Protein chains: 2
Amino acid sequence: MSRDWAEHAQGALREAGFRAGGARRAVVELLGEQDCALSAAEIEGQLRRRGHTVGRASVYRTLEQLEGLHLVQRLEIGTGTASFEPLRPTGEHHHHLVCGGCGRVVPFEDPQLERAIAHVSRSTGFDVSEHDVTLRGLCGRCAG
Amino acid sequence: MSRDWAEHAQGALREAGFRAGGARRAVVELLGEQDCALSAAEIEGQLRRRGHTVGRASVYRTLEQLEGLHLVQRLEIGTGTASFEPLRPTGEHHHHLVCGGCGRVVPFEDPQLERAIAHVSRSTGFDVSEHDVTLRGLCGRCAG
DNA sequence: ATGACTGCAAAGCCTTTGCACGCAA
DNA sequence: TTGCGTGCAAAGGCTTTGCAGTCAT
């Protein structure tokens with residue numbers, strides 16, 4: 001199912017007029033295998049570790065293009081470093097819990113929370129297309 | 001009521017062992033008058049406009065201290081620039097709607113959303129102390 | 001008198017941009 | 001062959017840090 005996203009994204013990029021290049025394909029494939037958010041540096045590092053080195057600029061450019069097509073969501077989870085994660089066409093997604101002690105990021109999902117957000121969205125006068133929720137605190141280990 | 005926050009914050013800072021200096025006091029007072037988030041640059045600019053110039057470093061240092069005492073919340077509303085807003089001891093607060101067209105940031109509040117978040121928080125195994133919600137889309141004017 | 005507070009300037013990071021070369025179409 | 005895609009290096013922008021002078025206690 002994760003691989004589905006990569007194929008979907010490649011198709012959407014092609015339809016949007018982008019050509020097929022190695023760097024972008026590698027970034028999209030890596031993103032498709034992820035279940036949570038990755039920073040640009042993490043993407044660059046993981047690709048290099050796989051032996052497929054990609055320029056930093058290409059990583060950012062690809063992410064920018066994917067964001068423009070609503071294929072990935074950019075998240076600012078606190079420390080001045082952005083993270084990116086695939087946006088499934090099904091709408092299924094999760095949010096994040098961040099531990100202020102160890103920095104661990106844990107995903108969670110909650111239907112009731114989604115319903116509340118959908119309800120608010122309709123009452124705003126905005127055409128809301130994305131949302132994100134971040135909970136911060138201490139994880140079991142750090143809270144002691 | 002806004003002024004209450006500034007006094008509360010000054011007291012908390014004193015109890016935490018901080019001395020009374022002009023730069024920090026000015027930042028705290030300005031924050032107390034705000035009802036929504038301000039960036040460090042906006043804080044610096046507004047203080048200068050009032051004739052009370054404060055060094056950029058002092059603004060950031062004060063914000064860092066206030067954040068450490070949970071007196072302000074740092075928000076990353078998208079464009080790589082952090083914003084800060086007072087955290088009321090009463091717990092009352094709002095969230096943000098961001099227009100991707102004009103960049104406008106509109107605050108909103110919703111009790112049902114808060115309840116949903118509180119419910120999720122209790123089920124996570126984390127000791128959740130803060131949260132933030134950001135809705136993104138196009139405002140009435142930009143959606144046309 | 002001591003050590004925290006400040007401001008300025010420099011350094012650090014993450015991200016974006018400029019440019020020349022290579023590859024898809 | 002055209003011009004998009006890519007990588008490298010330089011530039012940008014926000015934030016943090018180092019340092020010396022000042023002020024609170």
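Each chain gets a letter, A, B and so on, in the order the sequences are listed, and its residues count up from 1. Model, not experiment: these values are computed from the prediction.
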Protein-nucleotide distance ([X], atom [atom1]; [N], atom [atom2]), rounded to Å:
X	N	atom1	atom2	result
Glu64(B)	dA4(C)	CD	P	16 Å
Leu75(B)	dT15(D)	CG	C1'	17 Å
Arg61(B)	dA4(C)	CZ	P	13 Å
Leu13(A)	dC4(D)	CG	C1'	13 Å
Leu63(A)	dT15(C)	CG	P	10 Å

Among residues at least two apart in sequence or on other chains, which ones pass side-chain hydrogen bond (donor to acceptor under 3.5 Å, both in side chains) with [X]?
X	result
Glu44(B)	Arg48(B), Arg56(B)
Thr90(B)	Glu92(B)
Gln112(A)	none
Glu85(B)	His94(B), His96(B)

Item to check | Pairs meeting criterion ring pair (Phe, Tyr, Trp, His ring centres under 6.0 Å) with involvement of residues 115-136 of chain A, two or more places apart | outcome: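 As it turns out, the ring pair (Phe, Tyr, Trp, His ring centres under 6.0 Å) pairs with a partner in residues 115-136 of chain A, which skip direct neighbours, are His93(A)-His131(A), His95(A)-His131(A).
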Side-chain touch [X]/[Y], heavy atoms, less than 4.5 angstrom:
X	Y	value
Leu135(B)	Ser121(A)	yes
Leu63(A)	Arg74(A)	no
Leu66(A)	Leu31(A)	yes
Val27(B)	Phe84(B)	no
Glu29(B)	Arg50(B)	no

Checklist entry - Which residue pairs pass the side chain to side chain donor-acceptor pair (under 3.5 Å) test with at least one member in residues 13-23 of chain A, sequence neighbours excluded? => result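 Residue pairs passing side chain to side chain donor-acceptor pair (under 3.5 Å), neighbours aside: none found.
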Checklist entry - Tell me the side chain to side chain donor-acceptor pair (under 3.5 Å) pairs involving residues 133-144 of chain A, sequence neighbours left out? => result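 Counting only pairs at least two positions apart or across chains, the side chain to side chain donor-acceptor pair (under 3.5 Å) contacts touching residues 133-144 of chain A are Arg136(A)-Asp132(B).
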Checklist entry - Using a heavy-atom distance cut-off of less than 4.0 Å, which residues of residues 14-25 of chain B contact DNA chain C? => result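 Close to the strand are Phe18(B), Arg19(B), Gly21(B), Gly22(B), Ala23(B), Arg24(B).
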Checklist entry - Going by the salt bridge (charged side-chain N to carboxylate O under 4.0 Å, His left out) test, which pairs reach into residues 112-124 of chain B, not counting sequence neighbours? => result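 Found none.
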Anything under 3.5 Å between a protein N or O and an N or O of nucleotides 12-14 of chain D, put it in a table, one pair a line.
none

Next on the checklist: Could you work out how much the helix from dA1(C)-dT25(D) to dA25(C)-dT1(D) bends, comparing the axis of its first five pairs with that of its last five, to 10°?
Outcome noted: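 For the helix from dA1(C)-dT25(D) to dA25(C)-dT1(D), the axes at either end differ by 30°.
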Checklist entry - Among residues 40-56 of chain B, which residues get a heavy atom nearer than 4.0 Å to DNA chain D? => result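 The stretch gives Arg56(B) as the residues lying under 4.0 Å from the strand, ordered by number.
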